[in-house]
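All values below were derived from every heavy atom in this structure, side-chain atoms included, with hydrogens, water molecules and symmetry-related copies excluded. Quantities reported herein were computed from a predicted structural model and do not represent experimental measurements. Each chain gets a letter, A, B and so on, in the order the sequences are listed, and its residues count up from 1.
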Amino acid sequence: MELKDFGKNFVFMPDATKGAVRALTTQQLKDTGTEAIVTNTLHLMINPGKENIEKLGGIKKFMNWDGILLTDSGGFQVFSLIHSKKWKGTVHDNGATFKSPTTGDLYELTPESSIDMQMAIDSDILVTLDDCRDAKLGRSDAEESVKRTIEWAKRCKKYFEDVYGGTKETGKLLSCVVQGANYLDLRKHCAEELSQIGFDGYNFGGFVVTENGELVLEEMRAVIENTPSDKFKYAMGVGKPGDIRIVAGLGYRVFDTVLVTRNARHGTLYSKDMDDEVLRVKNAEYLLDERAIDSTCDCYTCKNFSRAYLHHMFRVNEMTGLTLATIHNLRYYQNLIDKLNKA
RNA sequence: GCAGGAAUGGCGGAGUGGUCAAACGCGGCAGACUGUAAAUCUGUUCCCUUCGGGGUACAUUGGUUCAAAUCCAAUUUCCUGCA
């Protein structure tokens with residue numbers, strides 16, 4: 001896939017947060033049919049750090065990935081690590097300052113430093129820093145989050161253009177994140193303001209499902225309806241196979257979720273042979289089941305190994321099991337995407 | 001043979017008179033996970049149950065006590081010294 005065609009067709013990007021899709025080599029990742037991946041600005045800022053990743057020629061060279069790379073801005077990590085008090089830090093109008101919980105080093109993430117970091121990583125598609133917050137947000141907090149998100153997006157774009165020459169000079173794309181929690185008018189407002197600034201892509205940010213796991217479809221629709229139709233739409237964090245099919249119908253073309261790889265490592269595999277598409281291979285019923293995980297799947301795992309073998313790998317805590325499971329789940333998602341593109 | 005010590009649920013191992021169906025860990029069973037501090041976390045794990053309870057249980061047998069996994073005696077097995 002060419003970068004200019006990104007988001008024209010459906011695309012699923014596995015998360016390689018720290019520079020690897022967990023449990024897979026880059027070759028194994030390619031073999032699943034994956035064309036684009038996501039790495040994380042904040043995590044790579046801490047390790048190996050901006051200067052080091054620059055010296056190493058960027059993460060694509062580092063991990064020998066020749067597909068498309070999107071870098072998440074770190075907005076979500078600021079939320080999940082600082083807002084939730086897992087890390088010490090504060091979020092303010094200029095960004096976030098925080099302390100590494102392992103080394104104690106102090107970091108600052110601002111709209112500008114986020115762009116610098118994403119350039120150092122050598123990302124193809126950058127994401128503006130956003131102010132991501134909890135799902136159930138009070139009105140005033142949501143308003144503040146939207147205000148900051150717009151402000152930071154503006155600063156990101158200006159910095160990207162002033163310092164790096166923008167898309168024209170770099171050939172890279174810049175996407176923004178639409179916030180607004182569950183307030184439809186705020187989603188609309190945020191989408192309109194960001195559209196006014198102008199980006200190559202519009203990402204639905206915040207939480208995509210409620211506590212009950214139901215998609216926030218109205219909010220997602222509000223963003224689609226108020227952003228340019230010729231730019232890509234990325235539903236960040238979506239999602240389960242069924243969720244992707246639904247959200248695809250709304251107009252989103254780009255997806256990512258940690259579920260596919262995390263579930264794989266937890267023994268939750270996807271299979272068309274199951275009514276709910278889910279096969280928990282660790283369960284006792286698969287001890288002697290010699291069928292493939294999915295009878296319709298063309299992945300390396302399904303072509304060569306049985307449910308019983310995967311079951312055994314998990315039972316004896318053998319790392320190869322994580323790899324085989326991840327290969328399968330990723331291939332399952334790529335097949336799902338292929339089907340959407342052919343429909 | 002003598003002297004000490006120990007025997008607890010599938011396993012390891014707490015508990016040393018009542019609050020013990022018994023901590024904790026492992027193993028087993030199931031579930032969760034949606035811009036990854038996640039090869040993680042949660043629930044459950046003697047039997048029966050109308051989920052209120054009920055029944056058996058801490059090597060075995062007997063005893064003391066209102067009450068015993070916990071105290072006493074004998075038996076069995078194991079460990080450590082001395083022969």
What is the glycosidic conformation of rG17(B): syn, defined as within 90° of 0, or anti?
anti
Describe the nucleic acid contact of Asp130(A) in one word from base, sugar-phosphate, nothing, applying a heavy-atom distance below 4.0 Å.
base
Can you classify the ring geometry of Phe255(A) versus Phe10(A) as parallel (below 30°), tilted (30 to 60°) or perpendicular (above 60°)?
parallel
For rU8(B) versus rG4(B), give the span between their P atoms, rounded off to a whole number of Å.
22 Å
Specify whether Phe98(A) and Tyr107(A) have parallel, tilted or perpendicular ring planes, treating 30° as the upper limit for parallel and 60° as the lower limit for perpendicular.
parallel
Indicate yes or no: does Lys154(A) engage Glu193(A) in a salt bridge with an N to O separation below 4.0 Å.
no
Would you mind checking if Asp93(A) and Arg148(A) are paired as a salt bridge, meaning a charged N to carboxylate O distance below 4.0 Å?
yes
Using a 4.0 Å cut-off on heavy atoms, which residues in residues 209-233 of chain A reach RNA chain B? List them by number, or say none.
Val209(A), Gly213(A)
Mind checking the P distance from rU49(B) to rG54(B)? Whole angstroms is fine.
16 Å
For the rings on Phe160(A) and Phe199(A), is their centre-to-centre separation under 6.0 Å?
no
Suppose you measure atom C1' in rU45(B) against the same atom in rA39(B); what distance do you get, rounded to whole Å?
23 Å
For Val260(A), answer base if it contacts any base atom (sugar-phosphate contacts may also be present), sugar-phosphate if it contacts only those atoms, and nothing otherwise; contact means non-hydrogen atoms under 4.0 Å.
nothing
Pair assignment for rC66(B), Watson-Crick or G-U wobble, requiring both distances under 3.5 Å:
rG18(B)
Starting at the 5' end of RNA chain B, which residue's closest nucleotide do you reach first, Arg315(A) or Phe207(A)?
Arg315(A)
Report which part of the nucleic acid Arg280(A) touches: base, sugar-phosphate, or nothing (heavy-atom distance under 4.0 Å, all strands).
sugar-phosphate
Considering only the C1' atoms, how many Å lie between rU50(B) and rG43(B), rounded to the nearest integer?
24 Å
Taking side chain to side chain contact (heavy atoms under 4.5 Å, CB included) as the definition, give me every residue that meets it alongside Phe62(A), ordered by chain and number, with sequence neighbours left out.
Ile53(A), Leu56(A), Ile59(A)
If we call it a pair only when both distances are under 3.5 Å in a Watson-Crick or G-U wobble match, what pairs with rG81(B)?
rC2(B)
Give a yes-or-no answer on whether the side chains of Thr128(A) and Ser73(A) include a donor-acceptor pair shorter than 3.5 Å.
no
Counting any heavy atom closer than 4.0 Å, what does Ser80(A) reach on the DNA or RNA strands: base, sugar-phosphate only, or nothing?
sugar-phosphate
Which part of the nucleic acid, if any, lies within reach of Thr17(A) when heavy atoms closer than 4.0 Å are counted: base, sugar-phosphate only, or nothing?
base
What integer number of Å spans the P atoms of rA3(B) and rG13(B)?
28 Å
Under 4.0 Å, heavy atoms only, any strand: does Gly206(A) hit a base, just the sugar-phosphate, or nothing?
base
Within 45 degrees of the axis of the six-membered ring of Tyr183(A) and under 6.0 Å from its centre: does Arg139(A) put its NZ or CZ there?
yes
Go ahead and name the base partner of rC29(B); Watson-Crick or wobble counts if both distances stay under 3.5 Å, otherwise write none.
rG43(B)
Determine the interatomic distance between C1' on rU75(B) and the same-named atom on rA7(B); round to the nearest Å.
13 Å
Please answer whether the main-chain N or O of Asp72(A) pairs with a side-chain N or O of Thr41(A) as donor and acceptor at a distance below 3.5 Å.
yes
What's Asp256(A) touching, base or sugar-phosphate or nothing? Going by heavy atoms closer than 4.0 Å.
sugar-phosphate
Relative to the 5' end of RNA chain B, which residue comes earlier, Met319(A) or Asp243(A), by the nucleotide with the nearest heavy atom?
Asp243(A)
For nucleotides rC47(B) and rA37(B), find the distance between their C1' atoms and express it as a whole number of Å.
43 Å
From the 5' end of RNA chain B to its 3' end, which nucleotides mark the outer limits of contact with chain A, defined by a 4.0 Å heavy-atom distance cut-off (strictly under)?
rG28(B) to rU40(B)
Does Arg280(A) qualify as a cation-pi partner of Phe314(A), given the criterion of NZ or CZ under 6.0 Å from the six-membered ring centre and within 45 degrees of its axis?
no
Watson-Crick/G-U partner (both atom distances under 3.5 Å) of rA73(B)
rU61(B)
CG of Asn335(A) to CG of Leu340(A), rounded to nearest 0.5 Å, is 11.0 Å
When you compare rC79(B) with rG12(B), how far apart are their P atoms, in angstrom units rounded to a whole number?
15 Å
Across all strands shown, which nucleotide pairs with rU56(B) by Watson-Crick or G-U wobble geometry, both distances under 3.5 Å?
none
